[in-house]
4 protein chains.
Amino acid sequence: MAKKGDDPSARERILLAAERLFAELGFDATPTSRIAEVAGVPKGLVHYYFRRKRDLLTALVERLPDERIEPAAVVVPGDIAESLRRLVAELDRRLSASQVLSHLLWREADTHRAVRDALRSRYDVLVNQVRTVIIAAAGAGSLALADVDSAAALLALAVSYRHSVARHAEDTPDGPDEMERELTFIADALTARAAAPRESVPSSGLD
Amino acid sequence: MAKKGDDPSARERILLAAERLFAELGFDATPTSRIAEVAGVPKGLVHYYFRRKRDLLTALVERLPDERIEPAAVVVPGDIAESLRRLVAELDRRLSASQVLSHLLWREADTHRAVRDALRSRYDVLVNQVRTVIIAAAGAGSLALADVDSAAALLALAVSYRHSVARHAEDTPDGPDEMERELTFIADALTARAAAPRESVPSSGLD
Amino acid sequence: MAKKGDDPSARERILLAAERLFAELGFDATPTSRIAEVAGVPKGLVHYYFRRKRDLLTALVERLPDERIEPAAVVVPGDIAESLRRLVAELDRRLSASQVLSHLLWREADTHRAVRDALRSRYDVLVNQVRTVIIAAAGAGSLALADVDSAAALLALAVSYRHSVARHAEDTPDGPDEMERELTFIADALTARAAAPRESVPSSGLD
Amino acid sequence: MAKKGDDPSARERILLAAERLFAELGFDATPTSRIAEVAGVPKGLVHYYFRRKRDLLTALVERLPDERIEPAAVVVPGDIAESLRRLVAELDRRLSASQVLSHLLWREADTHRAVRDALRSRYDVLVNQVRTVIIAAAGAGSLALADVDSAAALLALAVSYRHSVARHAEDTPDGPDEMERELTFIADALTARAAAPRESVPSSGLD
DNA sequence: AATGAATGAGACTTCATTCAT
DNA sequence: AATGAATGAAGTCTCATTCAT
């Protein structure tokens, strides 16, 4: 039972084990003793590094990878659909690395405020990312902001839904196709308006 | 201490207490003793009616209200936006009655298969409802099915999201407005296409 | 669910179920609810007939079949071995009918005095039976009483052992043969002494 | 409340308490809380060392003292009775140390396979011990093996019976005398055959 | 006579957390 | 710094028994 100087440090192994187990079993249903076991460390060490169990959750949230994507990397000027497609592909790539964590967040969101805040902030980042890409692809000023907001919110919802709640493969056999269809629907709607802007959109007063 | 002929029966009170507490604290974090306390029954009675704790969850899922809505009640022929608006309003009205339950479903979905199935099936019903209303409002045949599917899925997502995960009031101050904006976005997109159908939509090969 | 006037009365079915379950699972490990279930009667009825659980045990003990055997039926004058062999065969026949009960008795003997007394008395009856048969077969006066007592005790032990503790078939594959061998050993010893009585046996002063 | 460096370690005290209580009340009727109480340790510690209650039983069985006795220590060449008398005395001395445990074994034998196996194996050891002593006392070859087997089985039964099931003092007031009488009966039978071997013993094919 | 809802004590067990070493 | 023994609160669940009907 090697303890300390291993490849991933003991502390790191504890976090990895906790991430996996929390996502798999839920926070409450995961005993710290099980975490120690999976991490291959003595039970005492878990509480040595993270005094209370909830400190593990906090630490996990603070380690969340940054999902900000450089718009330039995915934008195809003039082609909103393709731009969004590339954005989603890139998000997929990155999110899959921390998929279990995303999932965990949704589950524990309302019992633990720290988690709720982290989740909310991630969602906001996501919406903004989509907005930025849409605007960059469509050309600044060519679209009503309200439309962009709606489109961004809807796509963010679809993406985030796929990466969190609906992660059970057997439940969403048509996952990718559905996403593609919805994405296209949104992009087409935006493209149509860029060509012939409508003023019938009720002004929501919200930026 | 007569327990039977009371306002709601003892069994019913237990279910109500469980529903509330599960949604509030989560399934794992709710002690059966607390359920008994809130229901005003002795601890033993909880297990008399529901031998294991998880049986409470199952019973709760089986009590889910039927959310099917008669399309005729909300459809305004020719006006997709208004039709959807009325549908959403009606759904809101009905769902709010079991909001905590909806919320509970999302939380426990992946630890408990029975819950997952119930959730999935509710979502499917919702999507179909939206589809039906869209078609009835637009007039049969005037829209590409793929568009209708996409629109239905996106709106269902938004509705269901609002009623379940994002139920924390403080987190979604702009809830209703956002929903209105997204609804309008979707309706407009569909209306535009009904007027000038596009064939650029990639055929997804589905349905 | 027929309740009352059935072939075996409800009360009888309860006793039968209890006998079976007590022997199978042990007294403490058998819930009265299970007894009701196996007996096919409502739970309340068990306590209606037998207020406390232990009353079931008492009733069972009082139902013990009488194992007294008419010596004349098995004795072959002059042949102790054959006489004992027939006695054992007859005991086997009778005891097998209440084997589970015998077994139960041994298990619960020291937690329940009523059972202990019943058990002790059955054992005494058994020893006496063997004594009587030996004396009848050997001819009165031809054997030292002390020898007869020893032989009777040893054989009773072997019989009772076989019918109670060692009832697990897989544990005693050689059961019958062993019994036959021991029986012959004892009979031969007695026969030898009847022929040439020894006085070296220490007088025990008991009966 | 230092628990460790005490006279017997906490773990040991738990085992001692369990042994006593199981034998006294029976396994099922002994609450672990009572064990903790008698052992003078907090309830949690019992389950720290023995996760499930039945692990206590297993541990107890594994601690059974070895009852093998060096034949040379008790054999009096040429005197089977005296040899057996000394063997029994020695067995008594050793078994009394774990009498409650022996008793416990018989009680729980058929609900717990581990116990059953331990019991069976102890019995086999006992029978062999008696056999060895008989042969050593009588002189090799002077007795038919079948006779030796029968005698050994009968004596082992008597010894084991006295040390387990029939341990209630009031139930066997004549215990020692009876044992002496039976022992003598068996020894005499063997001695008689050594002098004038009989071939009438049915060959059982076993041994 | 018969029933099954109701009761509450208490059993086993799990677990986060503390602490001496 | 690290460990694993120790602690006790609390949780789920079982069950004999009572009782109103």
Side-chain angles (χ1 to χ4, degrees), chain A residues 1 3-5 9-11 14 27-36 41-56, chain B residues 1-6 9-11 14 27-36 41-56, chain C residues 1 3-5 9-11 14 27-36 41-56, chain D residues 1-6 9-11 14 27-36 41-56:
Chain A
M1 262 171 262
K3 293 282 139 59
K4 215 177 54 185
S9 75
R11 191 176 186 281
I14 291 171
F27 178 79
D28 289 314
T30 302
T32 52
S33 62
R34 186 81 198 288
I35 295 173
V41 303
K43 196 159 83 78
L45 200 57
V46 173
H47 286 94
Y48 176 70
Y49 282 127
F50 309 93
R51 194 139 78 85
R52 335 230 131 227
K53 192 182 177 185
R54 95 176 81 90
D55 297 338
L56 269 168
Chain B
M1 259 168 261
K3 286 283 136 55
K4 214 180 60 184
D6 284 357
S9 75
R11 190 175 188 281
I14 291 171
F27 178 80
D28 290 317
T30 301
T32 52
S33 61
R34 186 79 199 290
I35 295 173
V41 300
K43 204 168 43 132
L45 199 56
V46 173
H47 288 96
Y48 174 71
Y49 283 120
F50 309 94
R51 194 135 76 83
R52 343 222 121 233
K53 194 182 176 186
R54 96 176 81 91
D55 295 337
L56 268 168
Chain C
M1 263 173 259
K3 291 284 137 61
K4 217 177 51 186
S9 75
R11 191 174 187 281
I14 291 172
F27 178 80
D28 290 313
T30 301
T32 52
S33 61
R34 186 79 198 290
I35 294 173
V41 302
K43 196 159 83 79
L45 200 57
V46 172
H47 285 95
Y48 175 70
Y49 283 127
F50 308 92
R51 192 140 77 85
R52 333 233 131 223
K53 193 183 177 186
R54 94 175 81 91
D55 297 339
L56 270 167
Chain D
M1 265 169 256
K3 285 284 136 53
K4 216 180 56 183
D6 284 358
S9 75
R11 191 176 187 280
I14 292 170
F27 178 81
D28 289 316
T30 301
T32 53
S33 62
R34 186 79 201 289
I35 295 174
V41 301
K43 204 167 46 133
L45 199 57
V46 172
H47 288 97
Y48 174 71
Y49 283 119
F50 309 94
R51 194 133 77 83
R52 343 222 122 233
K53 194 184 177 184
R54 94 177 81 92
D55 296 336
L56 269 168

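First the proteins, then the strands, lettered A, B, ... as listed; each starts at 1.
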Check: So which nucleotide from E:dG8, E:dT13, E:dA11 ends up closest to the side chain of D:Pro31?
Finding: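 Of the options given, the side chain of D:Pro31 lies nearest E:dA11.
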Check: Closest heavy-atom contact between B:Lys43 and B:Ala36?
Finding: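 Nearest pair, atom of B:Lys43 first, then B:Ala36: CA-CB, 3.7 Å.
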Notebook entry, point to check: If you check every side-chain atom of C:Tyr48, which of F:dT18, E:dA1, E:dG4 has the closest atom?
Noted result: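 Out of F:dT18, E:dA1, E:dG4, the nucleotide with an atom closest to C:Tyr48's side chain is E:dA1.
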Check: Counting distance only, does the side-chain N/O of D:Lys53 pair as donor-acceptor with the main-chain N or O of D:Phe27 below 3.5 Å?
Finding: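 Yes, because the side chain of D:Lys53 sits within donor-acceptor range (under 3.5 Å) of the backbone of D:Phe27.
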Check: Taking side chain as C-beta onward, heavy atoms only, is A:Leu56 less than 4.5 Å from A:Ile14?
Finding: yes
Next item on the list: Can you figure out which of F:dC13, F:dT3, E:dT7 approaches the side chain of B:Leu45 most closely?
Entry: E:dT7
Checklist line | Closest to side chain of D:His47, choosing from E:dT14, F:dT14, F:dA16 | finding: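 That would be E:dT14.
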Margin query: Quick check: any donor-acceptor pair below 3.5 Å linking the side-chain of B:Lys43 to the base of E:dG10?
Written below: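 Such a pair exists between side chain and base.
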Next item on the list: May I ask you to evaluate whether B:Thr32 reaches the phosphate of F:dT12, defined as a side-chain N or O under 4.0 Å from OP1 or OP2?
Entry: yes
Checklist line | Shortest non-hydrogen contact from D:Arg51 toward D:His47 | finding: O-CD2, 3.0 Å
Next item on the list: By nearest nucleotide on DNA chain F, pick out whichever of C:Thr30 and B:Ser33 is the more 5' one.
Entry: B:Ser33
Checklist line | Test side-chain contact (heavy atoms from CB on, under 4.5 Å) applied to C:Arg52 and C:Asp55, step by step | finding: CA-CA 5 Å; C:Arg52 333 233 131 223; C:Asp55 297 339; 3.5 Å; yes
Next item on the list: Just compare F:dA16, E:dT13, F:dC13 and give me whichever is closest to any side-chain atom of B:Lys53.
Entry: F:dC13
Margin query: Checking base pairs now: Watson-Crick or wobble, both atom distances under 3.5 Å. What partners E:dT18?
Written below: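 F:dA5 is the nucleotide pairing with E:dT18.
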Next item on the list: Take atom CD1 of D:Ile35 and atom P of E:dA11, then tell me their distance rounded to the nearest Å.
Entry: 11 Å
Check: Think C:Arg52 has a side-chain N or O under 4.0 angstrom from the OP1 or OP2 of F:dT18?
Finding: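 Looking at the OP1 and OP2 atoms of F:dT18, one of them is under 4.0 Å from a side-chain N or O of C:Arg52.
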Checklist line | B:Tyr49 side chain, from C-beta outward: closest of F:dT7, E:dA6, E:dC12 | finding: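 Closest of the options to the side chain of B:Tyr49: E:dA6.
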Note to self: Could you tell me how far apart A:Asp28 (CG) and E:dT14 (P) are, to the nearest whole angstrom?
What the structure shows: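 So the CG-P distance, A:Asp28 to E:dT14, works out to 17 Å.
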Next item on the list: May I have the distance from C:Phe50 (atom CZ) to F:dT18 (atom C1'), rounded to whole angstrom?
Entry: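 Taking CZ of C:Phe50 and C1' of F:dT18, I get 18 Å after rounding.
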Check: Mapping D:Arg54 and A:Arg51 to their closest nucleotides on DNA chain E, which lands nearer the 5' end?
Finding: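 That would be D:Arg54.
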Next item on the list: Check the distance between E:dA9's C1' and D:Arg34's CZ and give it to me in whole angstrom.
Entry: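 After rounding, the gap between these two atoms is 17 Å.
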